[in-house]
Amino acid sequence: MVDLKTVKNDEEVKALFKVMSMQIEALGFTEHSNRHSSIVSNWTGDILSALGAEERVVELGMIAGYLHDIGNAVNRHSHAQTGALLAYNILTNLKMDYFEAAQVMMAVGNHDEGEGSPVSQICSALIIADKSDVHKSRVRNAILQDSSAMNIHDRVNYAAEKSYVEVVGKTITTYIEINTEISPVVDYFEIYHTRMQMCRRAAKFIGCEYSLVINGVKLI
């Protein structure tokens with residue numbers, strides 16, 4: 001069976017990741033390449049595993065997490081949909097079972113808050129993992145060298161010293177530590193409010209509650 005290691009080592013995937021990184025950098029967005037993809041992959045697997053999902057479902061979730069942003073190689077707009085089709089084509093070319101590949105496709109195609117919805121266990125875990133990755137390492141070096149060019153997304157990410165996801169019972173919590181000297185917590189909500197709402201819907205879909213804790217304070 002096709003596993004995450006096979007996907008990561010695929011030359012087509014590597015090429016698309018390179019182009020994805022080129023486009024994201026050209027557009028001035030925060031990092032969406034190997035670092036983010038690997039973290040989202042791991043967290044998606046962690047969430048599914050903690051909720052008792054079957055081993056193969058966990059593996060498919062990790063694959064979906066790794067490939068979720070690959071559509072940025074085509075265009076930032078509708079990247080979830082283009083990424084879903086790219087992922088399905090890649091996985092079936094690798095001889096993955098069609099139904100498994102379709103589950104990954106559906107999860108990738110619904111991960112974006114602008115156009116997607118939690119429609120499966122894999123998709124729900126992916127949504128929460130993706131929206132929880134806020135960290136200063138995602139801010140590009142060029143922006144750091146010219147702080148006047150730092151927008152609110154860059155500032156919030158740069159202020160985030162640490163973020164992670166934890167599952168306890170039926171509660172899924174995103175923990176974030178923010179340096180408020182760089183960005184106030186209210187800025188986080190200004191740009192992430194819609195994403196947090198999506199996380200709540202995703203948690204509900206899989207029979208859980210969603211919680212957000214910033215600097216030790218429960219906000220959701």
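Side-chain N or O atoms of S49 include none that pairs as donor or acceptor with a backbone N or O of G45 at under 3.5 Å. A distance-only check finds no donor-acceptor pair linking the side chain of E161 to the backbone of I178 [under 3.5 Å]. Between the side chain of E209 and the backbone N or O of A203 there is no donor-acceptor pair closer than 3.5 Å. E177 places no side-chain N or O within donor-acceptor distance of the main-chain N or O of K162, the cut-off being under 3.5 Å. Side-chain atoms of S163 come within 3.5 Å of backbone atoms of V134 as a donor-acceptor pair (strictly under, hydrogens ignored). Between the N110 side chain and the P118 main chain, no donor and acceptor come within less than 3.5 Å of each other. Side-chain N or O atoms of D130 include none that pairs as donor or acceptor with a backbone N or O of L126 at under 3.5 Å. At distances below 3.5 Å, at least one donor-acceptor pair connects side-chain atoms of N42 with backbone N or O atoms of S38.
F205 approaches Q121 most closely through the heavy-atom pair CE2-N, 3.9 Å. Shown here for L94 and V2, the closest heavy-atom pair between the two residues is O-CG2, 3.3 Å. Considering every non-hydrogen atom in both T92 and A101, the closest pair reads CG2-CB, 3.9 Å. Between T44 and I122 the shortest heavy-atom distance is CG2-O, 4.3 Å. Contact detail for H68 and H79: the closest heavy-atom pair is O-CD2, 4.5 Å. Scanning all heavy atoms of the two residues, the minimum distance from R56 to M96 falls at NH2-CE, 3.9 Å.
Both V108 and L86 are assigned to one and the same hydrophobic cluster, defined by single-linkage of ILVMFWY side chains at heavy-atom distances under 4.5 Å. In this structure, I39 is a member of the same hydrophobic cluster as L212, with clusters built from ILVMFWY side-chain heavy atoms closer than 4.5 Å. Transitive grouping of hydrophobic side chains (ILVMFWY, heavy atoms separated by less than 4.5 Å) brings V217 and I220 into a common cluster. No continuous path of hydrophobic side-chain contacts links V40 to V13 [ILVMFWY only; heavy atoms under 4.5 Å]. Hydrophobic clustering (ILVMFWY, side-chain heavy atoms < 4.5 Å, transitive): V104 and L85 are in distinct clusters.
Annotation: side chain of M62 is in contact with side chain of V58 (closest heavy-atom distance under 4.5 Å). M198 places none of its side-chain heavy atoms less than 4.5 Å from the side chain of T194. The closest side-chain heavy-atom distance from H77 to T82 is not below 4.5 Å. Looking only at side-chain heavy atoms (C-beta outward), I206 and I172 come within less than 4.5 Å of each other.
Here CG of N72 is found 8.5 Å from CG of L27. Values are rounded to the nearest 0.5 Å. Here OG of S117 is found 7.5 Å from CD1 of I127. Values are rounded to the nearest 0.5 Å. Rounding to the nearest 0.5 angstrom, the gap separating the CD atom in E113 from the NE2 atom in H193 is 12.0 Å. Summarising the geometry, atom CD1 belonging to I63 is positioned 11.0 Å from atom CD belonging to Q103; distances are rounded to the nearest 0.5 Å. Annotation: the span from N34 atom CG to S21 atom OG amounts to 6.5 Å, rounded to 0.5 Å. Atoms CD and CD1, from E166 and I47 in turn, are 11.5 Å apart once rounded to the nearest 0.5 Å.
With 3.5 Å as the limit, one finds a donor-acceptor pair spanning the side chains of T6 and D3.
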(request) Please step through side chain to side chain contact (heavy atoms under 4.5 Å, CB included) for the pair S211 and K218, ending with a clear verdict. (result) CA-CA 7 Å; S211 179; K218 182 179 179 181; 3.4 Å; yes

(request) Please lay out, stage by stage, how L67 and L91 fare under the test side chain to side chain contact (heavy atoms under 4.5 Å, CB included). (result) CA-CA 10 Å; L67 296 177; L91 295 174; 4.3 Å; yes

(message) side chain to side chain contact (heavy atoms under 4.5 Å, CB included) for M196 and Y210? Distances and angles first, verdict last.
(response) CA-CA 9 Å; M196 293 303 99; Y210 178 74; 3.4 Å; yes

(request) Apply side chain to side chain contact (heavy atoms under 4.5 Å, CB included) to the pair I70 and I90, showing each step before the final yes or no. (result) CA-CA 11 Å; I70 202 167; I90 289 166; 3.9 Å; yes

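Salt-bridge annotation for K14 and E11: present, with a side-chain N of the basic residue lying under 4.0 Å from a carboxylate O of the acidic one.
Among the candidates I176, I214, T174, the single residue satisfying the side chain to side chain contact (heavy atoms under 4.5 Å, CB included) test with L219 is I214.
Around CZ of R200, the count of heavy atoms belonging to other residues, nucleotides or ligands within 6.0 Å does not exceed 12. Crowding of E115 atom CD: a count of heavy atoms from other residues, nucleotides or ligands under 6.0 Å exceeding 12.
The aromatic rings of Y164 and Y175 sit parallel to each other, their planes meeting at less than 30°, with 60° as the upper class boundary.
The ring-ring contact (aromatic ring centres under 6.0 Å, His included) analysis of residues 40-67, with sequence neighbours excluded, yields the pairs F17-Y66.
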